[in-house]
Structures are given as structure tokens and as C-alpha cells.
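What you see below is based on every heavy atom in this structure, not just the backbone, and it leaves out hydrogens, waters and symmetry mates. Naming: A, B, ... by sequence-line order, numbering from 1 per chain.
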Protein chains: 4
Amino acid sequence: MVVKDQITQQAIILFGEKGFSETSIQDIVDELGVTKGTFYYYFTSKKQLLKDIHHEYISGLLERQSRIIDNDARTQKEKIIGIIRLLITDIADKGPSARVFFREMHHLSDDHAKNIKARREDFRLNVEKVLQTGVRNREFRQGLQVDMIAFGILGVTNWSYNWFNSDGDVSPEELSKIFADMILTGIVE
Amino acid sequence: MVVKDQITQQAIILFGEKGFSETSIQDIVDELGVTKGTFYYYFTSKKQLLKDIHHEYISGLLERQSRIIDNDARTQKEKIIGIIRLLITDIADKGPSARVFFREMHHLSDDHAKNIKARREDFRLNVEKVLQTGVRNREFRQGLQVDMIAFGILGVTNWSYNWFNSDGDVSPEELSKIFADMILTGIVE
Amino acid sequence: MVVKDQITQQAIILFGEKGFSETSIQDIVDELGVTKGTFYYYFTSKKQLLKDIHHEYISGLLERQSRIIDNDARTQKEKIIGIIRLLITDIADKGPSARVFFREMHHLSDDHAKNIKARREDFRLNVEKVLQTGVRNREFRQGLQVDMIAFGILGVTNWSYNWFNSDGDVSPEELSKIFADMILTGIVE
Amino acid sequence: MVVKDQITQQAIILFGEKGFSETSIQDIVDELGVTKGTFYYYFTSKKQLLKDIHHEYISGLLERQSRIIDNDARTQKEKIIGIIRLLITDIADKGPSARVFFREMHHLSDDHAKNIKARREDFRLNVEKVLQTGVRNREFRQGLQVDMIAFGILGVTNWSYNWFNSDGDVSPEELSKIFADMILTGIVE
DNA sequence: TATGAATGAGTTTTCATTCAT
DNA sequence: CATGAATGAAAACTCATTCAT
């Protein structure tokens, strides 16, 4: 069963580097010194492997998101900060996984996509709910269009898979703080 | 010469719908009732077509960005608002082009990518400069990490290619305003 | 277009010799000195080629059958003799085609099979109608179960693809006569 | 040892339904809840399994044929009737086996085919001998070309694996009678 | 007896690209 | 300008078979 995991890990790396379509099964197994047959012993298709990767990723995110949200000791503001940090550190830690997750979604077959899409929406709707609660209890500005703001927040964080390099000048923690500040209090004096 | 444009337009639509790798030259020419030979009369390769599309798109953005930035009558705040509106309306108006531009960049060959990447960075650095100027003249908060904020702003706008549907409840103009408000003044009361 | 025909002819030979599943596209094109790409330029799939072969074969049979049946100068007995000769000579002349037609039918995809099956039934029902008419006008025995007899006659003829060798002692004409005699007048003294 | 039989039975069913090439070892063992390893414990190869099936089938036929033929109380006419009934009821009773036997013979490897073919010929030659004896003792028409007639009789019966459904209007017994009548006395008034 | 992991040789199919006309 | 024919390299996937345990 360890081989299956190795294949998955290698696939994540290669999908992240070259993209899903540009990575062949041969590329993946060559790196591990096994054969294509072995791949198909563990996976029914290349798309199924992609689904597995997405599934794994979104599951992890949802679980950690719920740990943040379900903590009643936190204000809604703190929850938003937590979610921003969750996404940024995830992208920093598991760069390739994140790249696959955010960029290669459209290669999922319709069948597989349904489930994954639904859970990605869950994640977003959870953000929306936190915002909604925050508006109600006057943590956030009245009249906030929470659905669009949720998209905006996720844009800030998710986009970073495109460029963020955790070995650079700015640490994930610092970036999370910068983004949280921007979102919460804006940039004007 | 009109045929070349038709091919480009059709390619944008199909690349946008199905992705670059999933779209074959055959798919493109079938839709136009011409043959693959015709494609290769006008383009040297599939990748070159992609480059052309990217080139066209980023050129348009850069040109319009410079019209916003070079207008000395505007404050830096107004320039940021203008750039946000520029990106959002572009994504709304030319959905497929935008999808290709933001999603299929990594299919550019190294050679082609260099030029496009440089100009994408130019776009970002221009945003950074506006922010920098705004910090200096006290429109924006002191100590703002302008490079990261530029990435953040572009995240908010660019991510919308993933989800924004201009036929929905929110118009591009409204969305631009919502995002500009969030970025400039935040969401807390 | 000549190449397409060559491919079809070669396929018939090889399907006849080795069977459909045992014959690879590679086998077919190797024999002709072209490449697999060429095959897929002319055919959309291996199954489609099989369908084409079946289509061609049954069309030829049906056409010649109708020429026999529509000739009002003939008695029903003569028509039955004609159909027997039609099948036997066909199997003798186009051995491999016949083998493919009679043996490899179950490899047709459901979609393709429908049409072919319907036309094979047409052929059989035409035999049935001749028998029916012959019973009515007292050429054939009263009370004959014409549907079963039609199956019986076709069994006699079709089965010969399994063993008949037109280079042997018995010519197709002779065999047709032997079988017609057996079917029409039996074997008892 | 029961497992080996289960595998054989399941294989017959699947070979009958989908054909030999289209049925994988995996298909067979999946249905029984065992693994491919188990298959190779009992059989040395897929082809050997096919040979076993053919062997079993032809052995049964030959044995029952000899019981019919060796019974000196019967006329040759009665023997022919008996052989027709033998084949038809066999096809009716063991549909899938019969389908495999009559349709998938050409998948036997040369080595295996020799033995099976020889015994199939024995069956046919036995029919020929009955006919020959019948001609000699004037049960059958003088000058009958017994080799061809034997092929014809077997065509009538064997072909029925293609279409005969024992759940239909006509019972195996009835069909046997219809075919025997046709062969013995023909169809003309 | 039976399994589970792995293989390797093969299969069908796709498709960007070339080029003579 | 445009086509139709052909290619070749690579892709995903299949599956009978082996073998250590």
C-alpha cells in the first residue's frame, strides 16, 4: 500500500510542475522505478488519481476549517484570520498539492467534479456564514455583500499558489497577517 | 486574413471551455469548416497560437492600464479603483479570453513564456508603483508592504475568472465597487 | 481512397484468418506498409471497420437476394435454389468476408449491431416469405413451420463457412445442388 | 476441487455471453470472489481452460453419439433422428457451453486444436458412416454424397446455437422433429 | 490452497505536424 | 490560399502471467 502513496505523491509533484495533461503515467512511474502496470493495479485511471488528490486536499481543508469555525471562543474576525492563515500556510507547505488543487480542477471528469465542486462550495459558504454572523453582531460593516466578499477573500488567498514562494523574504505567517490586515481594515490611511 | 482571426477567436472559445490540452487543432478547424492545413498556413504551431492569444490579451491590459495610470488628474486611490474595474470588466466581457489568459499560462513554451511573463510582471509592478506613490503621499497606510498588497489585489480580481458570471445578480460595475471597497477600506465596522 | 479499400481488404483477410480480436491494427497496416495513423485517418475505430465490412457484406447479399425473389418468372422452389446457390457461392468466392460475417458478428458494438442484425433478419424473413408463398401455392408441403425451416436452410448454407473449401473435390455449384436436393426432397429413398 | 469447477462453469457463462477474448480472467474470478492467483493454481493458462471446456463438450457428445449409433436395434434413419435430437437438445440445455463450443473454437491454440478438431471430425465421420450404411441398405437415396450431406445435417443443427431459444414457442423436441423431417423427406409436396 | 503485488508486452487511440499538389 | 493524405511519436489503458509468501 506504500507504493500507492508513493505514486500519489509523485503525481502531485509532477502535476504541480508540469500540469495534469503534460504529465504521463510513464513520467510518474519512471520516477519510482515501477511500471505502468503497477499504476493501473492501484488506480483505475489517471483521472481517478486526480480525483483522489482533490478529494484528499479538500477534505483536509474542510476539516481544519471546521476546527476554526466551530471554536465558539473566537470572534468572527478571528475566524476569518484563521481561515486566511489556513489557506496561505497550506499553499506554502504543500505547494504542489495546492497547485494541482487550484489549477487542475477542470480536468476532473464531470462525474468526479460534482463531488469535489460541492465541497469546494461548502468551504466558500462556510466563509460566507462567518461573514454573515460577523455582520449581524456588528463585527463587520453593515450592508456587506457577503457572498462577493467571500469570493474576494478566497481570491486573495488562493491566487497565491501562482506566485508565493515560502523560501522568499516573506514567511507564510507574515503573508497571512498582511492579507488579513488588508481584508479587514483596507489599505487607505 | 479574416480566416486567421476566426481561427484565433474559435481557439479562445474552445481553450476557454475545454482547456488548451483538451482542445485539438481539429476541434478548432472543424468548427470553422476549414482543414488542419489551413491552420498551419497561418500558425506555425499550436503553442504559437496560444502565445498570440496571451500576447494580445496582456497587450490590451497594459495599454489600458497605462491610460489609467498616466492620467495625472487621478489620485492613486482612483487609479487602484480603475485597475480593479479594468480587470473585472475584462473578465466579464471577454470571459473565454480571460480564462485562457489566467489558467492556461503554464502551457506556454519556455521561450514564449518569458516575454509574456515579463509583461504580466510589468502589469503587477505598475500596481505596485501606484501603491508606492500612494503610500508616499499618504493616501495609503504607512508601512504597507506594497509588493504583497499588489499580489493580493490581483488575487481578488483575477480569481474571479473562476466563478464570475456577468449574467448573474451582480454586474461587473457593482462587483468592481464591492472589491474596491473591500481593498481600500476593509470589512470591519 | 484506394488506401481505404486496401485496408478493408487486408482487414477482411486477417479477421478471417485469425479472428477480429486476434488481429491488431498494427497487423493490418504492417501488411500494407502504412502506419497506424493512416488507419485512423480513414476509420474512427477498429469496430467501425468491422461494421463497414458487415454492412458491405449484408448489403450485397440483400441486393442479390432481391434480384432472385423479385423475378416473377421463377417458382418458389427455384427461388429457394437460387438463394442456396447465392450463399454457397458467396462463401466460396469471398471466403474471408464470409467468415468475418458469420463468425465475428458478436464483436459489433451494440450500436452498430442493431442495424446489421435487422438486415440479417430481413434476409431470413425473405426466405420465410418465399417458403410461405410456396406453401400457399402447394409447391411446398402443407403445414410446414416456415420460420424454423428458414433457420434450417440458413444453417445448412451458412455453416459451410466453417469447412467449405472451393478448391476441393466439390465445386460450389455442385454443393449448391446437393444441398438444394437435400432440403427440397430429403435423403430417404 | 469444487473451486476448479466453479471457475469452469463461470467461464463458460462469460465466454458464451461475451466471447473468449472479451472475457478476462479477472471477470471470471470476480464473479466468484476469488483472485487471479487462484485461477492460475488450477489452470496453466486461459487457453488451457478453453481446451478443457471443448474437451468436456465434445467428449459428452461423442459418448452419447456412440450410444445412439451402437444400438443395433435402430435403423439408420432412427440414428440420424437421434443425432439431430442429441445436438438440438444439447444446444437448448447447455446454451453457453454450446456457444463456446461452436463459436470459440478458433481461439484454441494449434496444439490444443489438433485433438479437439480430430474428435469433432470423428463426430462428423460417424454421421457419414450412418448415412453410408443407410445408402447401402437402401434406407437412403442411392448416389447420396454422404460427406456433403453430413456437413449439411450438422449445419442445420449446429447453426441453431446462433438463434435458438428454448424458452420460445418451439420446444427442443419439436425443433428436432421439424429438422429431422426436413432432412429426411424434404419440403416439397 | 490461495493471495496480492507486480510486470511487460501489447492494445487501441490521439494528434500535432509535414508536405506535395 | 488551401487541402487531403500521411506520419510518428506518444498517450492511456489492458491483461495474461509470474511469484514470493
Side-chain angles (χ1 to χ4, degrees), chain A residues 1-4 7 20-29 32-50, chain B residues 1-4 7 20-30 32-50 109, chain C residues 1-4 7 20-29 32-50, chain D residues 1-4 7 20-30 32-50 109:
Chain A
M1 212 30 99
V2 73
V3 171
K4 186 175 183 180
I7 290 174
F20 177 76
S21 311
E22 286 65 31
T23 302
S24 69
I25 307 289
Q26 196 61 254
D27 290 339
I28 297 168
V29 297
L32 298 170
V34 296
T35 60
K36 268 184 293 189
T38 303
F39 177 90
Y40 284 97
Y41 179 72
Y42 290 109
F43 299 93
T44 56
S45 73
K46 195 183 169 189
K47 298 220 159 182
Q48 201 238 319
L49 164 59
L50 184 64
Chain B
M1 199 45 77
V2 73
V3 171
K4 186 175 183 180
I7 290 175
F20 178 76
S21 313
E22 286 65 31
T23 301
S24 68
I25 307 283
Q26 197 62 254
D27 290 339
I28 298 167
V29 297
D30 277 358
L32 298 171
V34 296
T35 60
K36 272 192 283 193
T38 305
F39 177 90
Y40 281 94
Y41 178 77
Y42 290 112
F43 299 93
T44 58
S45 75
K46 194 183 171 191
K47 298 219 159 181
Q48 200 238 321
L49 163 60
L50 185 64
S109 62
Chain C
M1 211 32 97
V2 73
V3 172
K4 186 175 183 180
I7 291 174
F20 177 76
S21 311
E22 285 65 30
T23 302
S24 68
I25 307 289
Q26 196 62 255
D27 291 339
I28 298 167
V29 296
L32 297 171
V34 297
T35 60
K36 270 184 291 189
T38 303
F39 177 89
Y40 283 96
Y41 179 73
Y42 290 109
F43 299 93
T44 57
S45 73
K46 194 182 169 190
K47 297 221 158 178
Q48 200 238 319
L49 164 60
L50 184 64
Chain D
M1 199 43 79
V2 73
V3 171
K4 186 175 183 178
I7 291 174
F20 178 75
S21 313
E22 286 64 32
T23 302
S24 68
I25 308 283
Q26 196 62 254
D27 290 340
I28 298 167
V29 297
D30 277 357
L32 298 171
V34 297
T35 60
K36 272 192 285 194
T38 305
F39 178 90
Y40 281 94
Y41 179 77
Y42 289 110
F43 298 92
T44 59
S45 74
K46 194 183 170 190
K47 298 218 158 182
Q48 200 238 320
L49 164 60
L50 184 65
S109 62

Strand partner of E:dA2, provided both Watson-Crick or wobble distances fall under 3.5 Å
F:dT21

Please give the nucleotide sitting opposite F:dC13 as a Watson-Crick or G-U wobble pair, both distances under 3.5 Å, or none.
E:dG10

Indicate whether OP1 or OP2 belonging to [N] is found under 4.0 Å from a side-chain N or O atom of [X].
| X | N | result |
| --- | --- | --- |
| D:Y41 | F:dC19 | no |
| C:Y40 | E:dT14 | no |
| C:T35 | F:dA6 | no |
| C:T38 | F:dA6 | no |

Spacing between [X] atom [atom1] and [N] atom [atom2], to the nearest angstrom:
| X | N | atom1 | atom2 | result |
| --- | --- | --- | --- | --- |
| A:K4 | E:dG4 | NZ | P | 14 Å |
| C:F43 | E:dT12 | CZ | P | 14 Å |
| A:L32 | E:dA6 | CG | C1' | 14 Å |
| A:K46 | F:dT14 | NZ | P | 15 Å |
| D:I25 | E:dA2 | CD1 | P | 16 Å |
| B:K47 | E:dT17 | NZ | C1' | 14 Å |
| B:E22 | F:dA11 | CD | C1' | 13 Å |
| B:L49 | E:dA16 | CG | C1' | 13 Å |

Upstream residue (5' side of DNA chain F) when B:K36 and D:Q26 are each assigned their closest nucleotide
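Checking each residue's closest nucleotide, the 5'-ward one belongs to B:K36.
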
Earlier contact from the 5' end, DNA chain F, for A:S24 and B:V34:
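Nearer the 5' end of the strand: B:V34.
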
With the side chain counted from C-beta on, respond yes when B:T35 and B:V29 share a heavy-atom pair under 4.5 Å apart, and no when they do not.
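Side-chain contact under 4.5 Å: no.
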
Under 4.5 Å between any side-chain heavy atoms of D:L49 and D:I28, yes or no?
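Touching, per the 4.5 Å side-chain cut-off.
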
So which nucleotide from E:dT17, F:dT17, F:dA2 ends up closest to the side chain of B:S45?
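Of the candidates, E:dT17 comes closest.
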
Hey, does the Lys NZ or Arg CZ of A:K36 hover above the aromatic six-ring of A:Y41, less than 6.0 Å from the centre and inside 45° of the axis?
no

Indicate, with a heavy-atom threshold strictly under 4.0 Å, whether A:S21 touches base, sugar-phosphate, or nothing.
nothing

Assign each of C:G37 and B:G37 to its nearest nucleotide of DNA chain E by heavy atoms, then name whichever residue's nucleotide is nearer the 5' end.
C:G37

Under 3.5 Å donor-acceptor, A:K4 side chain and A:F43 backbone:
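Checked: no pair found.
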
For D:V34 and D:F39: C-alpha separation, side-chain torsions, deciding distance, then whether side-chain contact (heavy atoms from CB on, under 4.5 Å) applies.
CA-CA 8 Å; D:V34 297; D:F39 178 90; over 6 Å; no

